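Predicted model, so just to flag it, every value in this text is computed and none were measured. Counting starts at 1 for both ligands and their atoms, in listed order.
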Amino acid sequence: MKTIDELLAEGVAGKRVFVRADLNVPLDGALITDDGRIRAVLPTIKALVDADAKVIVASHLGRPKGAPDPAFSLLPAAERLAELLGKPVAFAQDTVGPAAHDAVNGLEPGQVAVIENLRFNAGETSKDDVERGEFADRLAALADVYVGDGFGAVHRKHASVVDLPARLPHYAGYLIATEVGVLKKLTSEVERPYAVVLGGAKVSDKLGVIDHLLDKADRILIGGGMAYTFLKAQGHEVGTSLLQEDQVPKVQEYLERAKAKGVEFVLPVDILVAAEFPDLKTKAPANPGTVAADAVPAGQMGLDIGPETRKLYASKLADAETVFWNGPMGVFEHPDYAEGTRAVAQALLDSPAFTVVGGGDSAAAVRILGFDENAFGHISTGGGASLEYLEGKTLPGLAALEG
Ligand SMILES: Nc1ncnc2c1ncn2[C@@H]1O[C@H](COP(=O)(O)OP(=O)(O)O)[C@@H](O)[C@H]1O
Ligand SMILES: O=C(OP(=O)(O)O)[C@H](O)COP(=O)(O)O
């Protein structure tokens, strides 16, 4: 894999460099609640600016449906990038249209432009190679060189991640190099006990990793939206909680295999429930109830792990030597459902373990809840990406940077 240092050595002055970043930051309206992913790509952007490149920064944000949607505009991220760089950043209101071309044509060496959300174009995420290729051709027309630095999206076979680097000279940015360097350590022999904590909301994306973890981890703690598919697999009702019904048989098989292999699955023993998803805008008190994990009432949904589970999970992490954590334990964006996530973060800090926290929301949660990010071994910008890396899978976005 060629790195950005090689590109800088070759010289980029005056060249148009396309930086595929992951600026998929959490937003409250147009307000960025955590800018960690923007700060993470700054070393790459600054190095290119200092080398007098014309820098084009591109990313997805959220999951719009292949068409422009103002709720998912990258403008707030572009504005924050300008603040962090301490210099103006041009913003194009389209991705490959006239505004993008104008913005790029207007760049002087050492200047930066952000183009609008890649996923406003159906070609970005299309499963059809031709459609993705056509969109990649239009992106390629904007640039001379490609730098891949959106670690959080390298597990996606998307046009800007896979097809575009095939069309341009390509290099890995500093963030990707750092992430891969740290995560590689977890793929070889790790200090034991090795505990993995899984939660969050992207349940179908992330359940598959357990297949691999059963050969690797000593303990697997399940929380967040993932817990309910496990509770259902154990025969409990889960009310209106997040549930991946079609995955229940697979989870039952995981539970059986874990027993046979001596891998400990740790599931919630109590849960905070409410009739409704909380209002994340007003943060109005949600007054949740606490119920046993096998007694979620019909019509209620689980939104955080309960107090007994917090203690249980802390005890299961206390003597771990290695911990990987992806996915908040509850809807931490609301203060009534933040304690589970806070307890796991605190337990990681209290344990002697080498700790890796991965995922856009998990990393944001740690910072938003006031923890010092430097106190953890590594905070990865990618959740799904880091999980798939640990699985030993070939990540399309890393493979694309190799050839
Ligand atoms: N019980 C739950 N029900 C619904 N959503 C949940 C639950 N627990 C956590 N979440 C949500 O999961 C989201 C993060 O999930 P995910 O994207 O998978 O994590 P990451 O970005 O760290 O990989 C958060 O927005 C949080 O509100
Ligand atoms: O937030 C992300 O992943 P993560 O939640 O697994 O950390 C990445 O930006 C990828 O986004 P996607 O899962 O919509 O493809």
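Within a 6.0 Å sphere centred on CD of Q252, heavy atoms belonging to other residues, nucleotides or ligands number more than 12.
Under 4.0 Å from ligand 2, not a single heavy atom of H158 appears. Neither the backbone nor the side chain of E388 has any atom closer than 4.0 Å to an atom of ligand 2 (non-hydrogen atoms only).
Each of the following atoms of ligand 2 lies closer than 4.0 Å to a heavy atom of R119: 11 (O), 12 (P), 14 (O), 15 (O). The G360 neighbourhood of ligand 2 comprises atoms 7 (O), with distances under 4.0 Å to a heavy atom of that residue. Residue-ligand proximity, D22 to ligand 2, at heavy-atom distances under 4.0 Å covers atoms 8 (C), 9 (O). The atoms of ligand 2 that sit less than 4.0 Å from any heavy atom of G359 are 7 (O). The ligand atoms of ligand 2 that sit less than 4.0 angstrom from a heavy atom of G383 are 4 (P), 6 (O), 7 (O).
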Which pairs would a plain distance check flag for residues 200-216, meaning a side-chain donor or acceptor within less than 3.5 Å of a matching protein atom at least two apart in sequence or in another chain?
{"from": "D205", "atom 1": "OD2", "to": "R156", "atom 2": "NH2", "distance (Å)": "2.7"}
{"from": "K206", "atom 1": "NZ", "to": "N326", "atom 2": "OD1", "distance (Å)": "3.2"}
{"from": "D211", "atom 1": "OD1", "to": "R257", "atom 2": "NH1", "distance (Å)": "2.7"}
{"from": "D211", "atom 1": "OD1", "to": "R257", "atom 2": "NH2", "distance (Å)": "3.3"}
{"from": "H212", "atom 1": "NE2", "to": "L390", "atom 2": "O", "distance (Å)": "2.9"}
{"from": "D215", "atom 1": "OD1", "to": "K261", "atom 2": "NZ", "distance (Å)": "2.6"}
{"from": "K216", "atom 1": "NZ", "to": "T187", "atom 2": "O", "distance (Å)": "3.2"}
{"from": "K216", "atom 1": "NZ", "to": "S188", "atom 2": "O", "distance (Å)": "3.1"}

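Remark: the R138 side chain and the H101 side chain contain no N/O donor-acceptor pair separated by less than 3.5 Å. Side-chain polar atoms of T33 and D28 form no donor-acceptor pair below 3.5 angstrom. No hydrogens or angles considered: a donor-acceptor pair under 3.5 Å links the side chains of T381 and E179.
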Measure from every N or O atom of ligand 1 to the protein's N or O atoms and keep only the pairs below 3.5 Å, writing each with atom names and distance to 0.1 Å.
{"from": "ligand 1", "atom 1": "1 (N)", "to": "G302", "atom 2": "O", "distance (Å)": "3.0"}
{"from": "ligand 1", "atom 1": "8 (N)", "to": "G225", "atom 2": "N", "distance (Å)": "3.4"}
{"from": "ligand 1", "atom 1": "12 (O)", "to": "A201", "atom 2": "N", "distance (Å)": "3.3"}
{"from": "ligand 1", "atom 1": "15 (O)", "to": "A201", "atom 2": "N", "distance (Å)": "2.9"}
{"from": "ligand 1", "atom 1": "17 (O)", "to": "D361", "atom 2": "OD2", "distance (Å)": "3.4"}
{"from": "ligand 1", "atom 1": "18 (O)", "to": "A201", "atom 2": "N", "distance (Å)": "3.2"}
{"from": "ligand 1", "atom 1": "18 (O)", "to": "K202", "atom 2": "N", "distance (Å)": "3.2"}
{"from": "ligand 1", "atom 1": "18 (O)", "to": "K206", "atom 2": "NZ", "distance (Å)": "2.8"}
{"from": "ligand 1", "atom 1": "21 (O)", "to": "G360", "atom 2": "N", "distance (Å)": "3.3"}
{"from": "ligand 1", "atom 1": "21 (O)", "to": "D361", "atom 2": "N", "distance (Å)": "2.8"}
{"from": "ligand 1", "atom 1": "21 (O)", "to": "D361", "atom 2": "OD2", "distance (Å)": "3.3"}
{"from": "ligand 1", "atom 1": "22 (O)", "to": "D361", "atom 2": "N", "distance (Å)": "3.4"}
{"from": "ligand 1", "atom 1": "22 (O)", "to": "S362", "atom 2": "N", "distance (Å)": "2.8"}
{"from": "ligand 1", "atom 1": "22 (O)", "to": "S362", "atom 2": "OG", "distance (Å)": "2.5"}
{"from": "ligand 1", "atom 1": "23 (O)", "to": "K206", "atom 2": "NZ", "distance (Å)": "2.5"}
{"from": "ligand 1", "atom 1": "23 (O)", "to": "N326", "atom 2": "ND2", "distance (Å)": "3.0"}
{"from": "ligand 1", "atom 1": "25 (O)", "to": "E333", "atom 2": "OE2", "distance (Å)": "2.5"}
{"from": "ligand 1", "atom 1": "27 (O)", "to": "E333", "atom 2": "OE1", "distance (Å)": "2.7"}
{"from": "ligand 1", "atom 1": "27 (O)", "to": "E333", "atom 2": "OE2", "distance (Å)": "3.4"}

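Polar contact with ligand 2: present for R63 (N/O pair, distance under 3.5 Å).
Annotation: atom 5 (O) of ligand 2 to nearest protein heavy atom, K202 NZ, 2.7 Å. Here the protein heavy atom with the shortest distance to atom 15 (O) of ligand 2 is R156 NE, 2.6 Å. Considering only non-hydrogen protein atoms, atom 11 (O) of ligand 2 sits nearest to H60 NE2, 3.3 Å. Protein heavy atom closest to atom 6 (O) of ligand 2, with residue, atom name and distance, is G384 N, 2.7 Å.
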